[in-house]
Amino acid sequence: QVQLVESGGGLVQAGGSLRLSCAASGRTLSNYNMAWFRQAPGKEREFVTGISWRGGSTYYADSVKGRFTISRDNAKNTVYLQMNSLKPEDTAVYYCAARSIGALSTARGAYNYWGQGTQVTVSS
């Protein structure tokens with residue numbers, strides 16, 4: 001079992017930055033592809049970005065490309081999401097997810113483990 005705990009969310013003005021962290025326990029993350037999803041009120045949970053288990057491959061949703069950066073530190077068992085130039089439409093609960101088998105995926109159902117989420121609110 002992998003336990004994931006997100007942190008770093010909060011309230012920020014449009015144009016500002018936040019860095020989210022996802023700390024894992026129970027298993028080493030070095031064998032897992034990792035991703036961030038988000039869910040805004042009344043909307044489906046959507047893929048934001050993902051990173052392969054070694055960190056060599058990353059993928060971003062078009063809506064965040066050029067503004068968000070995913071990274072990982074396997075030695076610290078932690079994945080990060082640096083969010084710059086935030087917009088009000090980025091407001092959502094952000095979830096960290098881990099996938100133990102298979103390639104990097106944008107599909108919610110492909111991920112085995114989920115954190116509890118952290119709220120990000122961007123004011124205009």
Less than 4.5 Å apart, any side-chain heavy atom of R45 and any of Y95? yes
Is the shortest heavy-atom distance from the side chain of V5 to the side chain of Q116 under 4.5 Å? yes
How far does [atom1] of [X] sit from [atom2] of [Y], to the nearest 0.5 angstrom?
{"X": "S63", "Y": "E46", "atom1": "OG", "atom2": "CD", "value": "5.5 Å"}
{"X": "D90", "Y": "M83", "atom1": "CG", "atom2": "CE", "value": "7.5 Å"}
{"X": "S85", "Y": "R67", "atom1": "OG", "atom2": "CZ", "value": "7.0 Å"}
{"X": "Y113", "Y": "C22", "atom1": "OH", "atom2": "SG", "value": "13.5 Å"}
{"X": "S30", "Y": "N77", "atom1": "OG", "atom2": "CG", "value": "7.5 Å"}
{"X": "Y59", "Y": "F47", "atom1": "OH", "atom2": "CZ", "value": "7.0 Å"}

Do you know the tightest heavy-atom contact between [X] and [Y]?
{"X": "L4", "Y": "A98", "value": "CD1-N, 3.9 Å"}
{"X": "L29", "Y": "T78", "value": "CD1-N, 4.2 Å"}
{"X": "S124", "Y": "A14", "value": "CA-CB, 4.4 Å"}
{"X": "R99", "Y": "L104", "value": "NH1-C, 4.3 Å"}

For the residue pair R72 and Y80, would you count it as a cation-pi contact if the rule is NZ or CZ under 6.0 angstrom from the ring centre and within 45 degrees of the ring axis? no
Mark yes or no for whether [X], through its side chain, and [Y], through its backbone, hold a donor-acceptor pair below 3.5 Å.
{"X": "S52", "Y": "S57", "answer": "yes"}
{"X": "N33", "Y": "S105", "answer": "no"}
{"X": "N84", "Y": "S17", "answer": "no"}
{"X": "T118", "Y": "G9", "answer": "yes"}

Exceeds 12 heavy-atom contacts within 6.0 angstrom, atom CZ of R27: no
For atom OH of Y60, is the number of surrounding heavy atoms from other residues, nucleotides or ligands below 6.0 Å larger than 12? yes
ILVMFWY cluster, [X] and [Y] together (side-chain gap under 4.5 Å):
{"X": "L86", "Y": "L20", "value": "yes"}
{"X": "F68", "Y": "M34", "value": "yes"}
{"X": "I51", "Y": "L18", "value": "yes"}
{"X": "V120", "Y": "W36", "value": "yes"}

Exactly one of R38, E6, Q39, Q119 clears side-chain contact (heavy atoms from CB on, under 4.5 Å) with Y94, and that residue is R38
By the definition side-chain contact (heavy atoms from CB on, under 4.5 Å), identify the one residue from T49, N74, I70 that meets it with V79. I70
Side chains of S100 and N112 only: does a donor on one sit below 3.5 Å from an acceptor on the other? yes
In terms of side-chain geometry, is the basic nitrogen of D62 or K65 positioned less than 4.0 Å from the acidic oxygen of its partner? yes
Determine, using ring centers only, whether F37 and W114 are less than 6.0 Å apart. yes
